[in-house]
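Note on naming: letters A, B, ... go to the chains in the order of the sequence lines (proteins, then strands), and numbering restarts at 1 for each one.
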There are 2 protein chains.
Amino acid sequence: METLDTVPDEDFLRLDHQICFSLHAATRAFNGVYREALKELGLTYPQYLVMLVLWEHGELPVKGIGERLRLDSGTLSPLLKRLEAAGYVERRRSPEDERSVTVRPTGEGTALKEKARGVPRRIAAATGLPLEDIRDLRERLDALAVRLDAVDPDALSSCV
Amino acid sequence: METLDTVPDEDFLRLDHQICFSLHAATRAFNGVYREALKELGLTYPQYLVMLVLWEHGELPVKGIGERLRLDSGTLSPLLKRLEAAGYVERRRSPEDERSVTVRPTGEGTALKEKARGVPRRIAAATGLPLEDIRDLRERLDALAVRLDAVDPDALSSCV
DNA sequence: CGCGATTGAGTTGTGCACAATCGAATCGTG
DNA sequence: CACGATTCGATTGTGCACAACTCAATCGCG
């Protein structure tokens with residue numbers, strides 16, 4: 001059987017090139033499709049993700065959004081400012097904990113959900129894949145992300 | 001059977017959330033792992049991709065790199081300048097066509113290939129997946145990217 | 001209660017992705 | 001040969017990702 005140990009470095013480098021590159025290419029392709037689909041909503045794809053979690057939860061602290069999307073304040077702070085400037089969300093300091101900032105959709109932001117309703121179906125159609133394939137792919141990617149996030153940094157730099 | 005047409009919008013939105021988000025999360029997880037693995041080489045992940053194609057082809061015009069990695073000059077120009085500043089590549093105008101810029105690894109850049117040899121194996125090990133699973137995943141992602149790149153932009157904005 | 005440690009946002013700086021645009025070189029057709 | 005169209009790269013501007021840091025608010029232990 002073909003395993004990690006029976007493949008020469010040279011082939012490996014090629015294979016590796018393709019898996020990481022494939023992921024990159026697929027992500028960028030998705031971004032391109034979303035960019036088109038979200039153009040009429042005036043949202044970028046990461047902004048759309050933020051609105052998705054806000055539509056689902058009603059309101060969340062910045063930290064809560066960051067946990068669900070795995071983004072830190074360095075990414076979210078400016079993004080949320082742009083969403084606020086666009087009139088889709090409002091931010092205010094939590095009365096209970098002055099360190100925390102609560103974000104919630106404005107009326108306009110909530111109304112946007114209706115306009116966004118058709119987006120996911122069109123995206124799924126664009127993939128040309130049956131639902132079960134999409135689901136299977138998603139599960140593999142999730143499992144992969146979990147494994148990669150759990151990797152010990154030192155185990156990487158210190159070669160085997 | 002469950003198809004695109006038998007699932008309500010509401011569920012769909014959730015499913016969609018997960019597939020696009022999973023891809024995003026997996027890409028970012030990969031980036032994190034590569035960041036660690038490439039730290040000792042002084043390369044970012046996109047810079048590593050560029051070095052990979054240069055190691056394979058010896059020298060290429062900027063356009064050739066862009067075709068292989070699907071990146072445009074707006075991304076490559078500054079990236080190549082940084083690689084040049086790091087001493088890994090040199091750029092010069094092609095004598096045959098003064099519009100074109102030829103990029104090739106310096107001696108130091110070529111030497112880097114040996115130091116990079118162990119990287120892909122460690123990345124593959126970090127995924128915790130057998131080779132055939134990686135290959136299968138790669139093929140699915142490639143097929144997906146092809147489909148998504150071929151999507152007619154008008155078909156997205158004009159709803160079904 | 002008081003003070004050091006921790007937590008939550010925000011800021012700064014670097015790098016990538018991409019759209020739009022520019023200028024120079026080259027091509028192609030009349 | 002001349003001139004409009006195209007090609008190539010660089011540049012500009014916007015937005016995202018992330019590391020490193022700051023600062024205020026809060027927590028918790030003595």
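- We find that CG of A:L80 is positioned 14 Å from P of D:dG15, with the value rounded to whole Å.
- Counting to the nearest Å, the P atom of D:dT14 and the NZ atom of A:K81 are 16 Å from each other.
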Short N/O separations, protein against nucleotides 23-26 of chain D, under 3.5 angstrom:
{"unit_1": "D:dT26", "atom_1": "OP1", "unit_2": "A:E98", "atom_2": "N", "d": "3.1"}

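- One can place CD1 of B:I65 at 13 Å from C1' of D:dC8, the figure rounded to the nearest angstrom.
- Between A:Y45 and B:H24, the ring centre distance stays below 6.0 Å.
- Checked for salt-bridge contact, B:R35 and B:E40 miss the test: no charged N lies under 4.0 Å from a carboxylate O.
- The minimum heavy-atom distance linking B:A26 with A:A145 is given by the pair CA-CB, 4.0 Å.
- Distances shown here put a side-chain N or O of A:R91 below 4.0 Å from the OP1 or OP2 atom of C:dG10.
- Nearest nucleotide to the A:V101 side chain, out of C:dG10, D:dA10, C:dC18: C:dG10.
- Computed from coordinates, the A:F30 CZ to C:dA17 P distance equals 18 Å when rounded to whole Å.
- Straight-line distance from the NZ atom of A:K63 to the C1' atom of C:dG10: 15 Å, rounded to whole Å.
- Judged purely by atom type and a 3.5 angstrom limit, B:D72 uses its side chain to pair as donor or acceptor with the backbone of B:T75.
- One interatomic measurement links the two molecules: CZ of B:F21 to P of D:dA17, which rounds to 11 Å at whole-angstrom precision.
- Closest approach of B:A116 and B:P120 over heavy atoms only: O-CD, 3.3 Å.
- Salt bridge annotation for A:R140-B:D136: present, with a cationic side-chain nitrogen under 4.0 angstrom from a carboxylate oxygen.
- Nearest nucleotide to the A:P61 side chain, out of D:dT11, C:dC18, C:dA9: C:dA9.
- Considering only residues two or more places apart in sequence or on other chains, A:E84 meets the salt bridge (charged side-chain N to carboxylate O under 4.0 Å, His left out) condition with A:R91.
- Contacts between residues 68-76 of chain A and DNA chain C, counted as heavy-atom distances below 4.0 Å, involve A:S73, A:G74.
- Within the structure, a side-chain polar atom (N or O) of A:S100 is placed less than 4.0 Å from OP1 or OP2 of C:dA9.
- At whole-Å resolution of the value, CG in B:L43 and P in C:dG15 are 12 Å apart.
- Among the heavy atoms of the strands, none lies under 4.0 Å from A:P78.
- Regarding contacts with the backbone of D:dA10, a side-chain N or O of B:R93 is found under 4.0 angstrom from either OP1 or OP2.
- B:W55 places no side-chain N or O within 3.5 Å of a backbone atom of B:V50 that could act as its donor or acceptor partner.
- Here the C1' atom of nucleotide D:dA19 and the CD atom of B:E36 are 12 Å apart, to the nearest Å.
- B:L71 and B:L76 get closest at one heavy-atom pair: O-CD1, 3.9 Å.
- Side-chain contact check for A:Y88 versus A:L43: some heavy-atom pair is nearer than 4.5 Å.
- Along DNA chain C, the nucleotide closest to A:R35 and the one closest to A:G64 are compared, and the more 5′ of them pairs with A:G64.
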